[in-house]
Number of protein chains: 2
Amino acid sequence: MTNEDGIGRPAMLRERLGSVGGHMTRRRAAVYRFLRGAWPHPTAEEIYLGVKEELPRISLATVYKNLEALVNCGLAVKVPAGDGAARYDLRTDHHYHSRCLQCGTMIDLEPAAEEILRNMVKAPSGFEVSHYRVEVLGCCEECGKR
Amino acid sequence: MTNEDGIGRPAMLRERLGSVGGHMTRRRAAVYRFLRGAWPHPTAEEIYLGVKEELPRISLATVYKNLEALVNCGLAVKVPAGDGAARYDLRTDHHYHSRCLQCGTMIDLEPAAEEILRNMVKAPSGFEVSHYRVEVLGCCEECGKR
DNA sequence: TCAAAAGCAATAACTGTTGTTGTTTTAATC
DNA sequence: GATTAAAACAACAACAGTTATTGCTTTTGA
């Protein structure tokens, strides 16, 4: 994929981890690499199975811990799916997702203007808005064919 | 609350349940009654504890089953919270919620025009939109004071 | 009143996730 | 390059929220 954009350099991962007091390890690098190479929005389980092909001795708990580390240092985001397993995403710029109610597939949406949201839904008085979450639920193309 | 609007009549519950092949039982009525009388958006656990004061022998699993029955017959909606326990709501007209990231409190938002959403976020091609989900995340008034 | 259908409590089990343990690896310093 | 403290590791155990299973009880509808 994008190996020359800086984001992909191993040094990037090391640097980011270092900035939050984290170490760079072989497993962590593998989780990160998988996240970069895989289809978008894999679940922790899927990441585990993928990384396992390279490092057969890795455990699911370790994958969870490493994903947490990546989220903490800002290299990934965790996207809770409402029902079922959360999904992980390398993109960290703010955007929304569509989610297939049958297979759970998530697809990125173009980032929406928060200004529109702010006007559209009025928060209760005294409520300090941190961010919005928008999801488009429905049936993806694949599932629609069946 | 609204005891004269028809929605609150016991007959309403019986009728709705009957229409989907469900029975009217003392526990089910108690769960429903609690949901009507309680604060908005309680969790299954909270409902369990509340109903338990009236029916001490009820179990959490029964509460879940009864909530499921109420959701199935359209009298309640289940609102997954992303993280933590789902919450239940008697209102069935379509609307959105704000959610406090500290205490989990949910507050109804005025229903937003779906048309705006449709224009704002464009679903991927081939994706058949079932509905939208909008959440305002942040800090509620109570938590903000601390 | 009576049989069939559904609900019930009490579990056990399940999924997704996090905490704990003692051991190994890493990065920073010498 | 050797040393050492901090962190990550595997292998669990445990957790929360939820669902499935069981054999018994209640409700419904005839």
Side-chain angles (χ1 to χ4, degrees), chain A residues 10-11 13-33 41-49 51-52 54-73 75-88 99 104 106, chain B residues 10-11 13-32 41-49 51-52 54-73 75-88 104 106:
Chain A
L13 175 52
R14 169 171 270 123
E15 189 186 308
R16 287 284 198 114
L17 285 166
S19 73
V20 292
H23 287 170
M24 163 70 162
T25 66
R26 212 170 295 130
R27 275 106 183 163
R28 192 156 292 172
V31 167
Y32 182 65
R33 203 178 319 119
H41 316 299
T43 62
E45 179 83 28
E46 288 167 343
I47 296 165
Y48 166 62
L49 292 174
V51 172
K52 209 173 167 179
E54 187 184 339
L55 303 170
R57 299 182 51 78
I58 201 170
S59 77
L60 179 56
T62 298
V63 170
Y64 270 107
K65 303 239 171 88
N66 283 328
L67 286 171
E68 193 188 357
L70 291 179
V71 169
N72 282 343
C73 76
L75 280 176
V77 282
K78 178 177 183 175
V79 188
D83 55 331
R87 287 159 184 278
Y88 292 85
R99 170 159 60 93
M106 278 191 179
Chain B
L13 175 53
R14 168 172 270 123
E15 188 185 309
R16 285 282 198 114
L17 285 167
S19 73
V20 293
H23 287 167
M24 163 68 163
T25 66
R26 210 171 298 131
R27 275 105 180 165
R28 190 156 293 172
V31 168
Y32 181 66
H41 315 299
T43 62
E45 179 84 26
E46 288 167 343
I47 297 165
Y48 166 62
L49 292 175
V51 173
K52 208 174 167 180
E54 186 183 340
L55 303 169
R57 298 183 51 78
I58 201 169
S59 78
L60 179 55
T62 298
V63 170
Y64 272 109
K65 297 257 171 68
N66 283 328
L67 286 171
E68 193 187 358
L70 291 179
V71 169
N72 282 342
C73 77
L75 280 175
V77 282
K78 179 178 182 175
V79 188
D83 55 330
R87 286 160 184 277
Y88 292 85
M106 278 190 180

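Residue numbers start from 1 in every chain, and the chains themselves are labelled A, B, ... in the order their sequence lines are given, proteins ahead of strands.
Interface limits on DNA chain D: the 5'-most and 3'-most nucleotides within less than 4.0 Å of chain B heavy atoms are dG17(D) to dT28(D).
For residues 58-67 of chain A, the side chain to side chain donor-acceptor pair (under 3.5 Å) pairs, not counting sequence neighbours, are Arg28(A)-Asn66(A), Ser59(A)-Thr62(A).
Distance check: Leu17(A) CG to Thr25(A) OG1 gives 8.0 Å after rounding to the nearest 0.5 Å. One distance of note links CE of Met24(A) with CZ of Arg14(A); it measures 5.0 Å at 0.5 Å rounding.
Remark: C1' of dC8(C) and CZ of Arg28(B) are 10 Å apart, rounded to the nearest angstrom. Taking atom CE of residue Met24(A) and atom C1' of nucleotide dA28(C), one finds them 17 Å apart after rounding to whole Å. Between the CG atom of Asn66(A) and the P atom of dT26(C) there is a distance of 12 Å, given to the nearest Å. Between Arg57(A) atom CZ and dT23(C) atom P there is a gap of 15 Å when expressed in whole angstrom units.
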Q: Going 5' to 3' through nucleotides 14-22 of chain C, assign each nucleotide B (protein heavy atom under 4.0 Å from a base atom), S (under 4.0 Å only from sugar-phosphate atoms) or - (no protein heavy atom that close).
A: --SBBBB--

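Listed by chain and number, the residues in a side-chain hydrogen bond (donor to acceptor under 3.5 Å, both in side chains) with Tyr48(B) are Lys52(B) (sequence neighbours excluded). Among residues two or more places apart in sequence or in another chain, the salt bridge (Lys or Arg N to Asp or Glu O under 4.0 Å) test is passed with Glu54(A) by Arg33(A). For Glu68(A), the salt bridge (Lys or Arg N to Asp or Glu O under 4.0 Å) test picks out no residue, with sequence neighbours left out.
Between Arg27(A) and dT25(C), a side-chain N or O to OP1/OP2 separation shorter than 4.0 Å is absent. Taking 4.0 angstrom as the limit, Thr25(B) places none of its side-chain polar atoms (N or O) nearer than this to OP1 or OP2 of dA6(C). The phosphate of dA27(C) (OP1 or OP2) has a side-chain N or O of Arg14(A) nearer than 4.0 angstrom.
The shortest side-chain heavy-atom distance between Leu67(B) and Lys78(B) does not fall under the 4.5 Å cut-off.
Across Arg87(B) and His41(B), no two heavy atoms sit closer than the pair NH1-O, 2.9 Å.
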